[in-house]
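A quick write-up on the structure given underneath.
To find a chain, count down the sequence lines: A is the first, B the second, and so on, and within it residues start at 1.
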Amino acid sequence: MTNATDQQANTPNYKKTLNLPKTSFPMKANLVQNEPASLKRWDALKTDGSDNKGLYHAMQATAEGRKKFIFHDGPPYANGSIHLGHLMNKTLKDLVVRSKFMAGYHCPYIPGWDCHGLPIEHKVMTNLVESGKAAKLETLTDDQRRTAVRRECKTYADKQIKLQAGQMKRLMTLADYEDPYLTFLPKFEAGVLEVLAGLCEQGLVYKALKPVHWSVANETALADAELEYQDREDLSVYVDFEATDAAAVFNAFGIQEADHPGATPSFMIWTTTPWTLPANLAIAVHEKFNYALVRVDGNLTVMACDAVERVTTLAKSEEVETLATTTGDKLVGLSYTHPLIANAPTPINDPDADTSNCYSIVHADYVTLEDGSGLVHTAPGHGSDDYITGLRVGLPVYCPVLGDGTYDTTAPDWLIGMSIWDANQLVADRLTESGHMFHAYKFNHSYPHDWRSKTPVIFRCTEQWFVAVDQPTKRDGNSLRDMAMKSTGDDRSVHYVPAWGRNRMRGMLESRPDWCISRQRSWGLPIPAFTLPTGDAFMTAASVTAVNIIIREKGSDAWFADEPSSLLEHYNPATDPDAPAELKDGSVTFDQLTKGQDILDVWFESGSSWNAVMRQRSSGENFPIDLYLEGSDQHRGWFQLSLLPSLGVMGRPPFRTLLTHGFMVDKDGKKLSKSAGAALKDLFDRYGVDVLRWWVSSLAYENDVKVDEEFFKLAGDSYRKIRNTLKFMLSNLNDYEAPANPDFSKFHVHSIDAWVLGEYNTLIEKVTNAYETYAFHEAQKLIYKFCNTTLSSEYLSAVKDRLYCDAPDSERRRATQQTLHTLTDGLCKLIAPVMCHTADEAYRALHKVEPKEPTTCVHLTGFPSKVNLETATAWPLLWESIEKIMKAAEDTRAKSDIDNPLDLGVKLPDPDDTFKWFNAEDLADICGVSRFELTKDDKIEITDLREQPRCDRSWKRDTTVKPRSDGGTLSARDAQALGLD
RNA sequence: GGGCCUGUAGCUCAGUUGGCUAGAGCGCACCGCUGAUAACGGUGAGGUCGACAGUUCGAGUCUGUCCAGGCCCA
């Protein structure tokens with residue numbers, strides 16, 4: 001039973017004579033209610049001399065004059081509530097902002113939002129249609145309609161930004177939320193156009209007809225980043241294209257035409273897009289591959305040797321006979337007849353195109369033997385590879401498909417005006433009827449889809465603006481790719497965390513095509529290009545710069561509202577070396593120009609933020625930027641698309657360090673479904689933000705991160721451990737007044753206080769290092785282990801006796817309190833970047849701050865500095881022995897009826913006097929036993945002290961315990977504490 | 001199909017240039033304390049290191065193939 005009932009009736013109750021822990025710091029955190037109170041208190045923080053209020057500005061004011069750390073926020077898209085992905089991304093960023101401040105840097109942080117673009121425009125258009133307002137728009141002029149849509153989009157974006165900013169603030173992220181960067185603000189737009197002008201100046205911007213991914217649903221070109229791959233069932237066809245000259249084919253195979261009188265060999269192609277067949281202009285083979293002339297059920301056809309069995313089996317052909325084989329190079333130059341079209345068509349926008357090279361066999365490297373027949377249908381207007389081949393062999397860029405996905409008037413009559421999706425079957429039927437279809441079947445494959453409308457995307461030739469990747473810059477002749485390869489290669493100008501980011505970037509840069517920067521939408525930054533009466537485009541560095549003066553002043557709406565002559569008010573062709581001749585000589589005036597209709601790819605905007613935000617707001621000072629931190633998808637996205645413009649304009653990467661984190665996956669490691677995962681707000685309300693942040697800080701974020709309800713619960717458990725350790729320390733400092741400058745010079749090197757302060761010094765060093773290298777989980781682990789093991793299980797359990805039982809003012813107790821105070825203060829500072837609320841709550845409790853007192857805040861301090869004192873070097877050895885002692889003691893208790901460790905004594909062999917200078921009472925307290933002796937024996941001995949008297953107050957058994965004048969049985973220390981003899 | 005990455009106890013992670021019986025925390029089981037108490041302390045049980053093959057005296061670590069998963073691309 002309890003020790004209290006053990007006592008004799010006349011023994012005093014000593015409990016009330018102890019210095020028991022006491023604090024107002026509650027065990028229960030109640031984060032959901034208390035965090036908003038902290039936020040409110042921080043919001044009210046005001047530092048002298050500034051109009052700005054709030055913790056962020058107070059920190060900036062505090063850090064004024066320090067070494068700067070420039071960190072740049074990648075803009076999330078302004079749509080919808082923030083989700084689990086934002087939780088990790090924004091928290092990690094905040095850990096950087098806060099830890100850099102605590103480490104002594106000045107780290108300003110401007111949050112941003114990506115506001116333009118299709119998702120918002122699509123949403124707004126949907127709303128307009130549903131509300132019936134869209135019909136009204138139809139009555140307006142183009143410019144008016146677009147201006148109206150843009151107004152709606154801006155209102156929508158503003159609302160989303162407010163929503164997200166509120167949630168980010170609740171996440172306790174620190175940033176300049178009063179002055180964020182928004183991509184639709186005139187000053188941002190102007191910063192983007194500066195970059196465009198810079199690229200024009202380097203000769204990297206051009207307009208060209210090129211096949212691009214085209215969304216039929218939205219009638220716009222799409223960026224790579226706007227594609228999603230989904231499985232789709234398509235009609236897959238093997239089609240025979242008859243050779244024009246049968247003799248030439250037989251000749252290529254080295255056999256006589258006479259042996260096959262009247263036979264017309266065909267070339268067999270394979271495609272999953274029959275609708276592109278009308279645009280076929282060539283068939284590609286690989287020069288090195290072997291091709292066979294095969295008789296299949298009576299017909300002669302050419303296909304790759306490796307494809308014969310596969311293809312004929314697929315088509316269930318009955319008689320298959322290979323007549324001869326040859327290599328691809330022998331086939332190059334042969335011609336064929338298009339099965340659907342008599343004469344090669346001329347493109348609608350290029351009536352003078354040379355069609356003389358059409359309908360022949362050409363070579364291409366990308367021909368493979370895995371799929372199809374080894375002969376590749378080539379339509380330069382509908383494929384990237386095809387386009388390049390077409391350029392090489394002199395084919396026109398023919399694309400008979402309009403923006404809405406229907407055929408134009410150059411297509412065969414029976415296709416004109418028809419949707420390409422409907423044409424698939426019709427083309428197949430025609431080919432079957434005419435006997436050209438060898439085999440048709442349904443085929444499931446991964447196919448690119450428009451990320452927004454989820455509809456399949458096609459390749460279509462359109463006039464688009466491009467940034468050239470391989471064009472030499474005028475500055476030094478290095479192309480963007482040259483520079484990009486260098487920055488991801490050996491020059492180490494960019495530091496990658498984790499290191500494999502370098503290879504990943506490099507791989508993507510090696511193969512990336514020219515960047516299509518134009519879109520055919522309204523909600524975006526217009527490309528300030530004009531069309532001359534000749535139909536040629538006009539956009540030069542000087543013209544962009546001139547228009548930009550207007551945009552900076554009025555915003556990009558001016559492009560739609562103003563006439564070319566006023567937009568070009570500040571432009572002088574005479575001083576522009578790149579100006580078109582007709583403008584220079586005055587034969588064409590500004591009034592005769594028409595404004596371009598394209599807007600910029602949103603990635604070009606966010607990819608220019610290094611200029612539009614960082615350089616612009618610091619007069620160029622904050623460049624290059626120390627750190628970009630985003631998910632690993634941004635290697636292709638924002639990182640790469642920031643790198644390229646910066647290389648073009650500035651000649652160097654915009655960032656020094658690129659840090660990437662992985663993606664959230666479910667508890668089985670599978671991709672998180674869009675609907676999965678609780679709303680973040682729900683998590684705020686159930687666990688509290690400190691717990692969520694504590695969880696984020698524990699993540700090995702460079703890999704995929706599993707997320708599950710259970711993990712938040714576990715994080716809550718470990719949060720409580722930290723909280724309880726803080727509470728216990730605070731509760732033992734209730735009667736302690738900390739000196740302004742604690743003096744540790746009198747601490748004995750062998751004392752337990754010196755030991756724990758040594759551990760604390762190590763902790764400071766390791767944790768600040770971990771923060772420095774963004775190894776937050778390392779910091780988190782160290783802090784957790786320190787609280788749990790070093791403090792709770794080792795130090796605090798050892799010093800409990802002296803804290804409780806020593807006279808309140810005793811030197812030993814005060815020394816321990818001084819230690820505790822230092823540890824608590826430092827711990828609050830070390831956890832401050834993570835548990836923002838709890839750290840400040842504990843810090844204010846430690847410093848006994850009145851609840852209403854607004855200015856004391858752990859977040860305005862810094863990481864603790866090390867305590868200046870020595871620690872005995874034998875401690876590690878001693879701890880090894882202590883571990884053995886604990887096991888031995890546990891053994892003894894298990895084998896006997898001794899339950900209480902205080903009924904035990906310990907004898908530790910110390911033949912070499914290694915531990916001679918340690919204090920026996922300290923060691924007994926560490927082991928949780930009553931007595932500790934060093935011996936010259938060779939074995940640890942655990943002794944039973946139950947025969948000896950026990951102190952009624954401290955429950956220890958030591959040699960000084962005896963009856964005292966108050967009727968109790970006490971040790972000398974306890975008697976002295978009570979002022980007894 | 002290609003590029004980059006991941007796969008170590010039930011869970012989350014450490015494991016340096018290949019080198020003793022593979023570590024930690026959580027969780028779990030058992031014990032103690034009841035003067036940190038919706039706390040605290042102690043002890044313990046858990047792993048053929050995704051699979052297979054290879055290099056080596058020796059492989060969680062290096063190589064290859066395969067399987068599973070993620071991001072990006074085709």
Hey, does [X] reach any base, or is it just sugar-phosphate, or nothing, if we go heavy atoms under 4.0 Å?
X        : result
A/Asp899 : sugar-phosphate
A/Asp891 : nothing
A/Ser792 : base
A/Met505 : nothing
A/Ser731 : nothing
A/Lys713 : nothing
A/Gly669 : sugar-phosphate
A/Ser793 : sugar-phosphate
A/Lys671 : sugar-phosphate
A/Lys28  : nothing

In the structure shown, which nucleotide is the Watson-Crick or G-U wobble counterpart of [N], with both distances under 3.5 Å?
N     : value
B/U56 : none
B/C28 : B/G44
B/A14 : none
B/C4  : B/G70
B/U21 : none

Could you check whether atom CD of A/Glu921 has more than 12 heavy atoms from other residues, nucleotides or ligands sitting under 6.0 Å from it?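 Count not over threshold, so no.
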
Could you tell me whether A/Gln976 atom CD has more than 12 heavy atoms of other residues or ligands within 6.0 Å of it?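 Atom CD in A/Gln976 is not crowded, with 12 or fewer foreign heavy atoms closer than 6.0 Å.
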
Under-3.5 Å N/O pairs linking protein and nucleotides 43-46 of chain B:
none

Establish, from distance only, whether the side-chain atoms of A/Asn34 and A/Glu841 form a donor-acceptor pair under 3.5 Å.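 Their side chains do not contain a donor-acceptor pair, so the 3.5 Å distance test is not met.
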
State whether a side-chain donor-acceptor pair under 3.5 Å links A/Thr273 with A/Thr276.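 Yes, A/Thr276 and A/Thr273 have a side-chain donor paired with an acceptor closer than 3.5 Å.
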
Quick one: is B/G27 close enough that its OP1 or OP2 comes under 4.0 Å of any side-chain N or O from A/Lys721?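 A/Lys721 to B/G27 OP1/OP2: no side-chain N or O under 4.0 Å.
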
is_close_aromatic(A/Trp695, A/Phe711), centroid dist under 6.0 Å: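 Not close enough - the centres of the two rings lie 6.0 Å or further apart.
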
Distances for protein N/O vs nucleotides 3-13 of chain B N/O pairs under 3.5 angstrom?
residue, atom, partner, partner atom, Å
B/G3, N2, A/Arg504, NH1, 2.8
B/C4, O2, A/Arg504, NH1, 3.4
B/U12, OP1, A/Lys706, NZ, 3.1
B/C13, O2', A/Lys781, NZ, 2.4

Output the single nucleotide from B/C40, B/A39, B/A74 whose closest atom is nearest the side chain of A/His213.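 Closest nucleotide to the A/His213 side chain: B/A74.
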
Side-chain (A/Thr773) to main-chain (A/Ala770) donor-acceptor, under 3.5 angstrom: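 Present.
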
Answer yes or no for this row: A/Trp955 ring on B/G35 base, centroids under 5.5 Å, planes under 30°.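 Whether judged by distance or by angle, A/Trp955 passes, so it stacks on the base of B/G35.
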
Using the glycosidic torsion, which applies to B/G54: syn (within 90° of 0) or anti (everything else)?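 Anti conformation here, the glycosidic angle of B/G54 being more than 90° from 0.
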
